[in-house]
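All remarks here apply to the structure that follows.
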Amino acid sequence: MYLIAGLGNPGKQYEATRHNMGFDTIDCLVEKHNVPQGGVKFNAMYGKGIIGGEKAILMKPISYMNLSGGPIQEMSSYFKIDPETELIVIYDDIDLEPGQLRVRKQGSAGGHNGIKDIIRRLGTEKFIRIRVGVGAKPKGWDLADFVLGHFSDSDRKLVDEGIRDAADAVELILSEGVDAAMNKYNRKKPKTL
């Protein structure tokens, strides 16, 4: 069984913001695979279904981004998930162009506070992650204001495509393994006019 955690912030004011790429990808997976909602457990909304032929738990921690580690660690323990082989975390990345993906088997937090908290709570950097690009912060902008802001219409189209790609990447990881997803999605998308 896999645990797929999408990071974000709960509440209407954060919907469709740059920081909610994880939540948006989970919503995409729920819709695509008709995953019934299981309610709230360990300060996270969750549901169980089948994705890529594997049992999967989809979760959105509602503890706010910087405290994502607690719900993920508790859900992993409860469902006996091995974080190093059965956990996938999806989140936003300002170092990638809008809609670009990066799939990794492990790595540092790279300055992302949600990932820092997960690494701290799990005691390992070894877990699969899918980063969805939201574009770089403009010079002089406050980082929090930027990641909690909304996209331009043109970036929104790219990001919506990135969210669908991230959902497809989850499916590919579960059906064919993380290497297959890395080979398919870790390449730069051509710029469209």
**Cluster link Y2 to M45, ILVMFWY, side chain under 4.5 Å** = no

**Request:** Identify, with sequence neighbours excluded, every residue that meets side chain to side chain donor-acceptor pair (under 3.5 Å) alongside D82.
**Result:** T85

**Complete:** Sequence neighbours excluded, the answer for salt bridge (charged side-chain N to carboxylate O under 4.0 Å, His left out) partners of R164 is none

**Closest approach of I81 to M1 (non-hydrogen atoms, all atoms of both residues)** = CD1-O, 3.4 Å

**Item:** Evaluation steps, side chain to side chain contact (heavy atoms under 4.5 Å, CB included), between L174 and I88
**Value:** CA-CA 10 Å; L174 269 53; I88 301 170; 3.5 Å; yes

**Request:** Might you point out which heavy atoms bring V178 and I173 nearest each other, and give the distance in Å?
**Result:** CA-CG1, 4.0 Å

**Message:** Quick one: does any side-chain atom of N20 pair with a main-chain N or O of L7 as donor and acceptor, under 3.5 Å?
**Reply:** no

**Message:** Would you say that L29 contacts V170 through its side chain, given a criterion of any heavy-atom pair below 4.5 Å between the two side chains?
**Reply:** yes

**Asked** Among the clusters formed by ILVMFWY side chains lying less than 4.5 Å apart, do I72 and M65 turn up in the same one?
**Response** yes

**Message:** Please check if the number of heavy atoms outside Q13 that lie under 6.0 Å from its CD is greater than 12.
**Reply:** yes

**Prompt:** Do you know which two heavy atoms are closest between L158 and P98, and how far apart they sit?
**Reply:** CB-O, 3.6 Å

Using atom types as modelled, flag every donor-acceptor pair under 3.5 Å from a side chain in residues 131-141 to any protein atom, sequence neighbours excluded.
unit_1, atom_1, unit_2, atom_2, d
R131, NE, D93, OD2, 2.4
R131, NH2, D93, OD2, 3.1
K137, NZ, W141, O, 2.9

**Prompt:** By side chain to side chain donor-acceptor pair (under 3.5 Å), which residues pair with S175, not counting sequence neighbours?
**Reply:** none

**Fill in**
Minimal heavy-atom distance between T124 and E84, with the atoms involved, is OG1-OE2, 3.0 Å

**Prompt:** Partners of K12 by salt bridge (charged side-chain N to carboxylate O under 4.0 Å, His left out), sequence neighbours excluded?
**Reply:** E15

**Request:** Using the side chain to side chain donor-acceptor pair (under 3.5 Å) rule, collect all pairs that involve residues 102-114, keeping only residues at least two apart or in two chains.
**Result:** D92-H112, K105-D179, N113-K116

**Request:** Could you pull out all residues at least two apart from Q73 that satisfy side chain to side chain donor-acceptor pair (under 3.5 Å)?
**Result:** S77, R121

**Other ILVMFWY residues reachable from L96 by side-chain steps of under 4.5 Å** = none

**Message:** Test of understanding: clusters of I, L, V, M, F, W, Y form through side-chain heavy atoms closer than 4.5 Å, transitively. Do M182 and I115 belong to the same one?
**Reply:** no

**Prompt:** Which residue pairs satisfy the side chain to side chain donor-acceptor pair (under 3.5 Å) criterion with at least one member in residues 152-161, sequence neighbours excluded?
**Reply:** S152-S154, R156-D160, E161-K189

**Message:** Give me the atom names and distance for the closest heavy-atom approach of M75 to A44.
**Reply:** CE-CB, 4.0 Å

**Prompt:** Between atom OG of S68 and atom CD1 of I62, what is the distance when rounded to the nearest 0.5 Å?
**Reply:** 11.5 Å

**Message:** So, using side-chain contact (heavy atoms from CB on, under 4.5 Å) as the criterion, who are the partners of E171 when residues are at least two apart?
**Reply:** K32, H33, I51, D168

**Message:** A cation-pi test, strictly: NZ or CZ of R187 under 6.0 Å from the centre of the six-membered ring of Y185 and no more than 45 degrees from its axis. Yes or no?
**Reply:** no

**Asked** With sequence neighbours left out, which residue pairs that include part of residues 62-80 fulfil the salt bridge (Lys or Arg N to Asp or Glu O under 4.0 Å) condition?
**Response** none

**Asked** Are E86 and L3 close enough, and set up right, to give a side chain to side chain contact (heavy atoms under 4.5 Å, CB included), and what steps lead you there?
**Response** CA-CA 6 Å; E86 300 166 326; L3 177 60; over 6 Å; no

**Prompt:** Under 4.5 Å between side-chain heavy atoms, hopping through other hydrophobics if needed: is there a path connecting Y14 to I94?
**Reply:** yes

**Prompt:** Which pairs with one or both residues in residues 39-67 pass side chain to side chain donor-acceptor pair (under 3.5 Å), sequence neighbours excluded?
**Reply:** D27-K60

**Item:** Minimum heavy-atom distance between I119 and A109, given as atom pair plus value
**Value:** CD1-N, 3.8 Å

**Request:** Report yes or no: do I26 and V103 belong to one cluster of Ile/Leu/Val/Met/Phe/Trp/Tyr joined by side chain heavy-atom distances under 4.5 Å?
**Result:** yes

**Asked** Within 45° of the ring axis of Y91 and under 6.0 Å from its six-membered ring centre, is that where the NZ or CZ of R129 lies?
**Response** no

